[in-house]
Amino acid sequence: MNIAIIGAGLIGNKRALALDSKDKLVIICDKDISKAKILANKFSAKSTDDINDIILSNIDIVIISVVNRYAFEIAEKVLFSGKHILCEKPLGINSKESKKLIAVSKKYNKKIKTGFNHRFHPGMMKAKAIVDSDRMGKVIALCGLL
């Protein structure tokens, strides 16, 4: 599949490294063009600072790894262009945004997935084991783990 990444920071880099060898990373977009160029060079991909270059490209899936407040707007535009999405969490800054993106994905028959990359983080797995052991009693909230 032809893949694009929007957001060339830490998570964009991790997602690029995790791609299957059968996939082709075609283009990387970041508002900081120097970041886009650095990541793109690692994968022989194009770089841009304009999301429209991705919208107009022959891309199957777009990985969105941007700051939360920009994810909804970008995801909506990508869905309107007829591309599947993997969007880093959260999918929206509230449930209204998330529900709207899900509705748009259904309307255009496109898949939208949310990345939950901390699910398998060693600290999270240990916390889950402690909670599951019932050593702490009933857990009603879980905030910021170190």
Side-chain angles (χ1 to χ4, degrees), residues 1-45 47-49 51 54-55 57 59-146:
M1 295 196 144
N2 290 333
I3 298 177
I5 294 177
I6 301 174
L10 176 67
I11 301 302
N13 272 269
K14 286 184 177 191
R15 290 292 180 186
L17 290 168
L19 293 177
D20 191 281
S21 61
K22 294 178 272 185
D23 296 322
K24 180 175 182 185
L25 184 53
V26 176
I27 188 168
I28 298 174
C29 178
D30 197 288
K31 65 181 183 176
D32 181 343
I33 191 64
S34 64
K35 283 185 179 180
K37 285 180 181 179
I38 290 168
L39 185 55
N41 287 338
K42 291 179 187 177
F43 295 91
S44 300
S47 60
T48 185
D49 60 357
I51 189 175
I54 289 175
I55 298 300
S57 294
I59 300 295
D60 302 301
I61 299 171
V62 178
I63 298 169
I64 301 171
S65 55
V66 299
V67 176
N68 301 348
R69 69 177 175 259
Y70 301 119
F72 172 79
E73 179 183 340
I74 292 169
E76 186 177 49
K77 192 170 187 176
V78 168
L79 285 171
F80 286 149
S81 76
K83 294 164 179 36
H84 301 288
I85 292 176
L86 168 65
C87 186
E88 288 302 327
K89 67 178 185 337
L91 185 55
I93 59 170
N94 55 45
S95 62
K96 183 179 176 183
E97 285 186 357
S98 299
K99 287 176 183 177
K100 184 173 182 186
L101 289 176
I102 291 167
V104 172
S105 73
K106 288 179 180 177
K107 179 179 179 180
Y108 288 91
N109 197 29
K110 295 299 164 191
K111 295 191 185 307
I112 184 166
K113 300 292 180 184
T114 304
F116 287 101
N117 58 349
H118 285 124
R119 228 181 347 187
F120 299 106
H121 185 280
M124 292 295 173
M125 292 175 75
K126 182 171 182 165
K128 182 170 182 345
I130 292 169
V131 169
D132 289 348
S133 75
D134 288 329
R135 291 185 308 200
M136 296 174 46
K138 181 179 178 183
V139 177
I140 58 172
L142 193 60
C143 303
L145 295 172
L146 296 177

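Remember, it's a predicted structure, so these values are computed and weren't measured experimentally. One is the number of the first residue; the rest follow in order along the sequence.
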Would you say that [X] contacts [Y] through its side chain, given a criterion of any heavy-atom pair below 4.5 Å between the two side chains?
| X | Y | value |
| --- | --- | --- |
| Asn13 | Lys42 | yes |
| Ile27 | Phe43 | no |
| Ile6 | Val78 | yes |
| Ser65 | Ile5 | yes |
| Arg135 | Ile130 | yes |

So how far is it from [X] [atom1] to [Y] [atom2], rounded to the nearest 0.5 Å?
| X | Y | atom1 | atom2 | value |
| --- | --- | --- | --- | --- |
| Leu86 | Ile63 | CG | CD1 | 5.5 Å |
| Ser47 | Leu39 | OG | CG | 9.5 Å |
| Ile85 | Lys113 | CD1 | NZ | 12.5 Å |
| Ile112 | Leu79 | CD1 | CG | 5.0 Å |

* To do: Could you tell me whether a side-chain N or O of Asp60 sits under 3.5 Å from a main-chain N or O of Asn2, the two making a donor and an acceptor?
  => yes

* Asked: Lys83 side chain to Ile55 main-chain N or O, any donor-acceptor pair under 3.5 Å?
  -> yes

* To do: Sort and list the pairs that fulfil salt bridge (charged side-chain N to carboxylate O under 4.0 Å, His left out) and have at least one residue in residues 69-80, not counting sequence neighbours.
  =>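 Residue pairs with at least one partner in residues 69-80: Glu76-Lys100.
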
* Which pairs, with at least one residue in residues 18-39 and sequence neighbours excluded, count as a salt bridge (charged side-chain N to carboxylate O under 4.0 Å, His left out)? -> none

